[in-house]
Amino acid sequence: MRFAPSSEPRTLAPLGRRTAQVTANRDLGAYRLVSAHDASGPRDPRPGQFYMLAAEDRWGGEDGRPFVPRAFSFARVREDGTLDFLLEAVGPGTRRLAELEPGEGLWLSGPLGIGFSAAPEGARPLLVGGGIGTAPLVCVQDELGEEAEVLIGFRSSAHAAAAALFAGAPLIATDDGSVGRRGLVTELLRGAMDRTERAAVFACGPAPMLEAVRALCAERDVPAQLALESGMACGYGACFGCVVPTRGGYVRLCVDGPVLDAADLESALVPGAGH
Amino acid sequence: MDLCGVQLRGPVLNGSGTYDAIAARRTFGDALLEPESFPFDAFVSKTITLEPRQGNPPPRLWESPEGLINSIGLPNKGLEGFLRADLPLLAELPVPLIVSVMGFSRDELAHLAAAVGEAAAVERVRAATEKPVIVKLTPTAADPAAVAAAAERSGADAVSLVNTLKGMALDPRTRRPWLGGRTGGLSGPAIRPVALEQVATVAARVRVPVIGMGGIASGRDAREFLDAGAACVAVGTESFRDPSAGLRIAREFGVISRQERGFSLAETVR
């Protein structure tokens, strides 16, 4: 089954790169939650859209990296234009972003790409997230409210601290069983599908998780939207670097995604994702 | 300014394949079409081939110090798709259009050049179109100036250089080539000194205008390429970091030029 949106869920980006002011950088277990005031940006980015981020100062450390900006879906946008980004320091780019201090400048362009479409009439939204990929589901939940059921999986209790971003009581799975149920989030999804008559899945997470979600939804003929990840240089279709294979050939994830209909994918195991 | 008889408002172009104006319009909206917003003084299309191409398998990018290695593989809709779907949209841009074509044979190249209306291979292209012909040179030739001179003799109206330098990156986990295409092209400030030398050498050898590129990221960089003999410059990788890099570089370049004019006027008066 497909989502078949009536129009492309995309808010246009202001031209070019602008500077947002970092307002907070909070500890969230294994993650950081960086907030920046995007004074001149649109207040209505669509959940699932993303921004290209770079530190205004010291972007390009001693070894010349990071060089290009890094792509992040926003977790939340506030009325004054403050954007929240969830990140984990895993490489030179995320390390620099993770150490941003309030008052520093954050280069940003966006919102970019296509976000999530509304669920088909009468279907119950199931939000399925893994690790850092839970971020774009926070604003999906903000938009859908209580009708959405949140199912999220993490490596450890330190990572599961990100569950605090969600309202209510999301169902949690951890690899080590330290929080919630031991196991994979797809097991939670299987259970939720069993007790939901008509479901529509919104998912974001590591490629193997997304592939498991895709296969499960295909098996049960449940419509699913997957927010994928791929290495990007530009974020607006210029470099042709972030393509992923779909049934219709390669698509640029930055302009034709990052949210794709699962029905368009043979597999969500995108080469080079998560690197 | 004048480039091959075409009037340009300034000297900053984009490198082919580094800016998709159609995708940028989907992202930024019609504001992109305002002359003061469009980042370049002439727009160079992504390279078109006769047949459609999917491009190379991903992954296609690797970040290296002050640079980027790409293995894109010229994905494009092919000549027919370009003429039908893209050309009408590119005609709406507020600046002159330069169409980039690549042929796998002399006949194919001539056919493409004739079809877009616009050396031994160059001679065929020359005969096929009334439009100015710009020949893009590879930096990996043993003697790029000799290649540039041959293009000029064959009737090229301008030459442009440099293309990316061949490079490779290994996946640290598998210790095998990271890029789906195995090797790729290195671009960005990492290659700027190499590009500057080739532009200077070629400009000293030919009379036709030289479009210089390779790691230009600021007005000062643009000034250097012009000082080295380029007539125009093109911005590529910097547009990935900043979608309006072309405008910023033109602005910075304008400030430098005005300062220099002020300085030389002061010298003259004294």
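Here is the naming used below: chain letters follow the sequence lines, and residue numbers restart at 1 for every chain.
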Ranking A:A238, A:C234, A:G110 by heavy-atom pairs under 4.5 Å to chain B gives rank one to A:A238
Looking at A:E99, I'd like to know if its CD atom is crowded, meaning that more than 12 non-hydrogen atoms belonging to other residues, nucleotides or ligands lie closer than 6.0 Å.
yes
Cation-pi check for A:F240 against B:R60: NZ or CZ below 6.0 Å from the six-membered ring centre and within 45 degrees of the axis, yes or no?
no
Is A:E101 atom CD crowded by more than 12 heavy atoms from other residues, nucleotides or ligands, each under 6.0 Å away?
no
Would you say CZ of B:R9 has more than 12 non-hydrogen atoms from neighbouring residues, nucleotides or ligands within 6.0 angstrom?
yes
Can you tell which part of A:R70 gets under 4.5 Å to a heavy atom of chain B, answering side chain, backbone, both or neither?
side chain
Residue among B:I72, B:N14, B:L68 with most heavy-atom pairs under 4.5 Å to chain A
B:I72
Do the side chains of A:V243 and B:Q54 get nearer than 4.5 Å, heavy atoms only?
no
Quick one: pull up CD in A:Q49 and OG1 in B:T27 and give me the separation to the nearest 0.5 Å.
9.0 Å
side-chain contact (heavy atoms from CB on, under 4.5 Å) partner of A:C239, the single match among B:D20, B:T18, B:L61
B:L61
Of all heavy-atom pairs linking A:L15 and B:S37, the shortest is CD1-CB, 3.3 Å
Salt bridge or not between A:R65 and B:E66? Use side-chain N to carboxylate O under 4.0 Å.
no
Within residues 247-256 of chain A, which residues come under 4.5 Å of chain B, heavy atom to heavy atom?
A:G249, A:Y250, A:R252, A:V255, A:D256
Decide yes or no for B:R26 and A:E8: does some side-chain heavy atom of the first lie under 4.5 Å from some side-chain heavy atom of the second?
yes
Is any side-chain heavy atom of A:M52 closer than 4.5 Å to a side-chain heavy atom of B:F240?
no
Heavy-atom distances under 4.5 Å only: say whether B:N56 touches chain A with side chain, backbone, both or neither.
backbone
Backbone of B:S244 reached by a side-chain donor or acceptor of A:R17 within 3.5 Å:
no
Which atom of A:F67 lies closest to which atom of B:G188, heavy atoms considered
CZ-CA, 4.4 Å
Considering all heavy atoms of both residues, which atom of B:A23 and which atom of A:G237 are nearest to each other, and what is their separation?
CB-CA, 4.0 Å
Examine whether an atom of B:T237 lies under 4.5 Å from a heavy atom of chain A, and if so say whether it belongs to the side chain, the backbone or both; otherwise answer neither.
side chain
Contact part of A:A54 toward chain B, heavy-atom cut-off under 4.5 Å: side chain, backbone, both or neither?
neither
Select one option (side chain, backbone, both, neither) describing which atoms of B:L32 are under 4.5 Å from chain A's heavy atoms.
both
Leading residue by heavy atom contact count with chain A [cutoff under 4.5 Å; candidates B:S64, B:P39, B:G55]:
B:S64
So, the part of B:P57 with a heavy atom under 4.5 Å from chain A: the answer is both
Which pair of non-hydrogen atoms, one from A:Y236 and one from B:S239, has the smallest distance, and what is that distance?
OH-O, 2.6 Å
